[in-house]
Structure formats: structure tokens, C-alpha cells
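Numbers here simply count residues along the sequence, with the first being 1.
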Amino acid sequence: MSLRSINNLEMFLRRCTAPTLRRCYAASVSGTTATHTAGGSDSSKGSSGDSSNNKEKKKSGWRSVLRFCVPFSLGAVVSAVLILPDDTATPTVAARSLTGRRKEFNFIADVVAGCGDSVVYIEIKDTRHFDYFSGQPITASNGSGFVIEQNGLILTNAHVVINKPHTMVQVRLSDGRTFPATIEDVDQTSDLATLRIQVSGLPVMKLGKSSTLRSGEWVVALGSPLALSNTVTAGVISATQRASQELGLRNRDINYLQTDAAITFGNSGGPLVNLDGEAIGVNSMKVTAGISFAIPIDYVKVFLERAAERRKKGSAYKTGYPVKRYMGITMLTLTPDILFELKSRSQNMPANLSHGVLVWKVIVGSPAHSGGLQPGDIVTHINKKEIKNSSDVYDALAEGHKVLEIVILRGVKQMQVKITPEDP
């Protein structure tokens, strides 16, 4: 740009300077001539006077030329000295090379590459209903899990694999291989379970420490949302100590991890991983977009230790929890804090809503699905009794009524559905 400016200046001088110089020179000569003419009446001046006058005319003309040229000359000198040697003084666009940025900054991809192979897809097959074309049992529900031992031990959520009568569990590995699975241990209080498949040499997920987590840390959620296996979402830890009482979960002494990583149906049981590729939580539930919860891995380690002791004693997992009537939903108690958050995020929440249970997931083919319940419905009454938390729903199931008359809110519209739970 400096050279271009100098070239433009030279062209300007060529076009404008020559005529101007001629005019200045002519004016100076004419003025001198006029003076000479006015004084030429003196007959005593001779040839020596004429020669001196000619010299004066030339001097006067060149003085005018110099007066005009000096400013332009000084500008050119300053431009050449100050601008040309320093390229940084002119505005330039630096073409920075982008090569290598993918490898340097894609830390999420590095995490997935290190631990993604240990994540599995879990399907719950309904043995009473078969696909018309393949003849295979249809999928009643699905979830996620991850391998914690090379000999086929898999960790997942309890609600993914239990309380579904007439079903079988099937596990698909990241390489596409499929194996039937057996349930080894279940803890409904913590909502944790382990499965076993007959295979060895599997990639194992490393277990980290949830006690060292800080709010704002990057985390990656791995799983199979909506049956889309090997799905990756990322976010940050929103809170490290979200008490179960704040979520309306009774009989659970757990401080959940809250994250804004996208967790939805099918992510349950999958790992929540830190940037070191270590599982620091088990994806458990979602309230709304940007608010999801995971079971801390420190609590999971306690469950695994107790499960190992039970296996040594030879006790069966079914003795660990009571079998309940089956309705086919995953639910979450609407506490005052959760209600406030939902009302602030959605305009379809009634302003006078003060209690209820949010239906988070409805299993296809279940009594709840057949009765018309949908994800996002809010259960407020069952058989004319107020429902304030999930324990009230279990109590209604335990009462033994053949049909449950359920009042729900779907958006701002109040509806009533009838559901016939299945006996165990």
C-alpha cells in the first residue's frame, strides 16, 4: 500500500505540476518584464542593464518553482523514510495458517476416542410380542451402560432393566456384537444395577472421583438417546451437591451431580465422563433442557463393593428389592425449586400448579403407554388422591386397585386417563 501511494503521488505531480510550473514561471517573468518596461524610459541604461535584468528574471522564476515543489518533495521524503521501511505502519491482513487447529482444540473428540468403546447399548425385549418381518421380540425400552470389568460386567441404572415383566435383556457392544445379558445385582434405592454377558477381553471404562469435581468443569455424556447408539453430548457441571430431597426422591441419601449436557431417553445408565476419560457419574434423569442429573461415581463404588460381597456369599439379586406392580413410567417429583424452574422456562405451565409428578419416560407397550400417558405429562391425582411425590404413586400401585384413574396436566389442559397396571 505504501508503494501504491507513492505511485499515485508521482502521477499527480506529473499531471498537475508541469502546467502550474509554467504558469508560475510565466507570471514571474511577466512581472519582471513589466518592471523593466516601466523603468526602461531611462535612455541612460545600456546593454549591461539588460543582462542583469535577464538574470533577475531567471532567479525570480526558479524561486516560484521551488516554493511550489518543496512541500511535495518533503512529503515524498517523509513517506519514503517513515512508511516504506516499516511495513507494520500500513493496514495489512495477515493470512494465519489454520493447519493443526483440529488436533489442538478438539478435546471432546480426544475424550470420546479414549473411552467410547466401553459404552454399550441395552435393549429390553418383550418376549410376548414379536416383529412381523423378523420374528424377533420387539424392543420394549432401551438404555445405556458401560463395561467396568473385562470379563463382561456392565454397570447401568436399575430402572433400565427391572420391573418389566416378560422381558429379556440384550446388550450390543460398540463393535456391533450382540449378547444376551443376565442381571447380577440391583439396588433400587440408588437406582443402580449390574449386568453380565459371556465375553472377555472387553475395553473397560476407568472410574474417577466425583468428590474432586468443581462446578463449571467440562463433562461428556455418552449413551444411546432415543435408541441412537454411540451418541456424544457435552456440557459443564452445574452443581456437585444436589441433594435427593431437593428432587423429591425419598429414601435416597445421594447428592446428585447436575449438568447441562443433553441427556434424554436412552441415556440412562451411560457414563458422565471428565476430560481425563474417567467416569465421574452415571446418567440418571432429565428434568428439562439444560437440567439433568447423574449419580456420583463415589456412590457407585460403594454399590459395587457391596455387590462383590453379595456375589461372594452367593445371594441372588432378586432378594434385594420387592417386586412391584408394573405401570411403565419413569417419573420425577416436582419440588418447589423444580416447579419454579419449569415455569420460568416454559409458558405452558399453569401458574396455580403446586404439586405433582413429572412423567419423564413412558415405555412403549406398557400399561401407561396403552392408557394414554405421554412424556411431559404431570400427574396430580390418582383415584382422587393428591400426588405430591413419586412415593405416592408407588403407594397407589400397592393399594391393589385394578384400574387407576389418573388426573394429568398436559400443557395447560387438564385430562383424565385410566391405566390398568400389570401384576408381577
S.K.: Within the side chain of S174, is there an N or O that forms a donor-acceptor pair under 3.5 Å with the backbone of D117?
M.R.: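 Indeed, once roles are kept as given, a pair shorter than 3.5 Å links the two residues.
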
S.K.: If you measure from CZ on F303 to CD1 on I295, what distance do you get to the nearest 0.5 Å?
M.R.: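 Those atoms lie 9.5 Å apart.
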
S.K.: Kindly give the heavy-atom pair with the smallest separation between L222 and C115, and that separation in Å.
M.R.: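 Answer, listing the atom of L222 first, then C115: CD1-SG, 3.9 Å.
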
S.K.: For the pair H355 (side chain) and I387 (backbone), establish whether a donor and an acceptor sit closer than 3.5 Å, ignoring hydrogens and angles.
M.R.: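 Flag set: sc H355 to bb I387 pair under 3.5 Å.
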
S.K.: Looking at every heavy atom in both V300 and V282, which two are closest together, and how far apart are they?
M.R.: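 Result for this residue pair: CG2-CG2, 3.8 Å.
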
S.K.: Locate the shortest heavy-atom distance separating M205 from V119; write the atom from each residue and the value.
M.R.: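 Scanning both residues completely, I find the closest heavy atoms to be CE-CG2, 4.2 Å.
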
S.K.: Applying salt bridge (charged side-chain N to carboxylate O under 4.0 Å, His left out), run through E422 and K402 and close with a yes or a no.
M.R.: CA-CA 9 Å; E422 292 183 5; K402 185 176 181 181; over 6 Å; no

S.K.: Surrounding CZ of R306 (heavy atoms of other residues, nucleotides or ligands, distance under 6.0 Å), is the total greater than 12?
M.R.: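 Check fails, neighbour count at 12 or below.
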
S.K.: A side-chain contact here means heavy atoms from C-beta on lying under 4.5 Å apart; do M331 and S390 qualify?
M.R.: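 They are in side-chain contact.
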
S.K.: Determine, stepwise, if the pair N142 / Q170 fulfils side-chain contact (heavy atoms from CB on, under 4.5 Å).
M.R.: CA-CA 9 Å; N142 66 286; Q170 185 172 284; over 6 Å; no

S.K.: Calculate, to the nearest 0.5 Å, the distance between atoms NZ and CD1 belonging to K384 and I406 respectively.
M.R.: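 That separation rounds to 15.0 Å.
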
S.K.: Please round to the nearest 0.5 Å and tell me the distance separating atom CE of M285 and atom CZ of F293.
M.R.: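 With rounding to 0.5 Å, CE (M285) is 7.0 Å from CZ (F293).
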
S.K.: Should I154 and V171 count as side-chain neighbours, where that means a heavy-atom distance under 4.5 Å?
M.R.: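 Yes, close enough: below the 4.5 Å cut-off.
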
S.K.: Just by distance, do the side chain of N157 and the backbone of L192 share a donor-acceptor pair under 3.5 Å?
M.R.: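 A pair under 3.5 Å: no.
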
S.K.: S118 side chain to V204 main-chain N or O, any donor-acceptor pair under 3.5 Å?
M.R.: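 Checked: no pair found.
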
S.K.: Donor-acceptor pair, N283 side chain versus A294 backbone, under 3.5 Å?
M.R.: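 It does not hold such a pair.
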
S.K.: Considering only heavy atoms from C-beta outward, does the side chain of L207 approach that of K301 to under 4.5 Å?
M.R.: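 Result yes, sub-4.5 Å side-chain heavy-atom pair found.
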
S.K.: Counting only heavy atoms not in K385, do more than 12 fall under 6.0 Å of its NZ?
M.R.: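 Atom NZ in K385 is not crowded, with 12 or fewer foreign heavy atoms closer than 6.0 Å.
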
S.K.: Donor-acceptor pair, distance only, cut-off 3.5 Å: does the side chain of D191 make one with the backbone of A158?
M.R.: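 Confirmed, D191 side chain pairs with A158 backbone.
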
S.K.: Tell me, with the steps shown, if L257 and I280 meet side-chain contact (heavy atoms from CB on, under 4.5 Å).
M.R.: CA-CA 9 Å; L257 303 176; I280 46 85; 4.0 Å; yes

S.K.: Measure from the side-chain N and O atoms of E217 to the backbone N and O of R214, and report whether any donor-acceptor pair falls under 3.5 Å.
M.R.: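 Here the side-chain-to-backbone pair exists.
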
S.K.: More than 12 foreign heavy atoms under 6.0 Å from CZ of F340: is that the case here?
M.R.: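 At most 12 heavy atoms, drawn from other residues, nucleotides or ligands, come within 6.0 Å of this atom.
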
S.K.: For the residue pair F107 and L275, establish whether any side-chain heavy-atom pair is separated by less than 4.5 Å.
M.R.: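 Heavy-atom side-chain distance check passes, below 4.5 Å.
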
S.K.: Side-chain contact, heavy-atom cut-off 4.5 Å: I408 with I378?
M.R.: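 The answer is no; the side chains never approach within 4.5 Å.
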
S.K.: Any side-chain to backbone donor/acceptor pair from T194 onto L155? Under 3.5 Å, distance only.
M.R.: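 Pair absent, no side-chain N/O of T194 close to backbone of L155.
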
S.K.: Are the side chains of I237 and L272 in touch, meaning some heavy atoms are under 4.5 Å apart?
M.R.: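 Yes, side chains in contact.
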
S.K.: Where do P271 and A279 come nearest, in terms of heavy atoms and distance?
M.R.: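 So the two residues come closest at CB-CB, 4.2 Å.
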
S.K.: Side-chain contact test, heavy atoms from C-beta onward, threshold under 4.5 Å: evaluate it for V236 versus V219 and give yes or no.
M.R.: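 Not in contact.
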
S.K.: May I have the step-by-step check of side-chain contact (heavy atoms from CB on, under 4.5 Å) for S224 and N267, ending in yes or no?
M.R.: CA-CA 5 Å; S224 307; N267 265 121; over 6 Å; no

S.K.: Check V220 against V112 and note the closest heavy-atom contact, atom names and distance.
M.R.: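 Shortest heavy-atom contact: CG1-CG2, 4.4 Å.
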
S.K.: Where is the tightest heavy-atom contact between G235 and A261, given as atom of each residue plus distance?
M.R.: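 So the minimum-distance heavy-atom pair works out to N-CB, 3.8 Å.
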
S.K.: Rounded to the nearest 0.5 Å, what separation is found between the CD atom of Q198 and the OG1 atom of T182?
M.R.: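 The CD atom of Q198 sits 6.5 Å away from the OG1 atom of T182.
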
S.K.: Hey, what do you get for CH2 (W218) to CG (N274), rounding to the nearest 0.5 Å?
M.R.: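 Reported value, rounded in 0.5 Å steps: 14.0 Å.
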
S.K.: Any chance you could measure E399, atom CD, to H401, atom NE2, to the nearest 0.5 Å?
M.R.: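 If we round to the nearest 0.5 Å, E399:CD and H401:NE2 are 4.0 Å apart.
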
S.K.: Could you check whether T167 and D126, counting side-chain N and O atoms only, form a donor-acceptor pair closer than 3.5 Å?
M.R.: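 No.
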
S.K.: So, N151 and R196: side-chain donor and acceptor under 3.5 Å apart, yes or no?
M.R.: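 Result is yes, a qualifying pair exists.
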
S.K.: How far apart are the C-alpha atoms of D377 and L409, what are their side-chain angles, what is the distance that settles it, and do they pass the side-chain contact (heavy atoms from CB on, under 4.5 Å) test?
M.R.: CA-CA 6 Å; D377 290 344; L409 283 174; over 6 Å; no

S.K.: Could you check whether any side-chain N or O of D392 sits under 3.5 Å from a backbone N or O of D395, counting only pairs where one atom can act as donor and the other as acceptor?
M.R.: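 Not a single qualifying donor-acceptor pair exists.
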
S.K.: Heavy atoms, side chains only, cut-off 4.5 Å: are S144 and I122 in contact?
M.R.: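 No, their side chains stay 4.5 Å or more apart.
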
S.K.: With no hydrogens and no angle check, do the side chains of E123 and T139 hold a donor and an acceptor under 3.5 Å apart?
M.R.: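 A pair is found: one side chain offers a donor N or O, the other an acceptor, under 3.5 Å apart.
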
S.K.: Is a donor on one side and an acceptor on the other found under 3.5 Å between the side chain of S210 and the backbone of D298?
M.R.: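 It does hold such a pair.
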
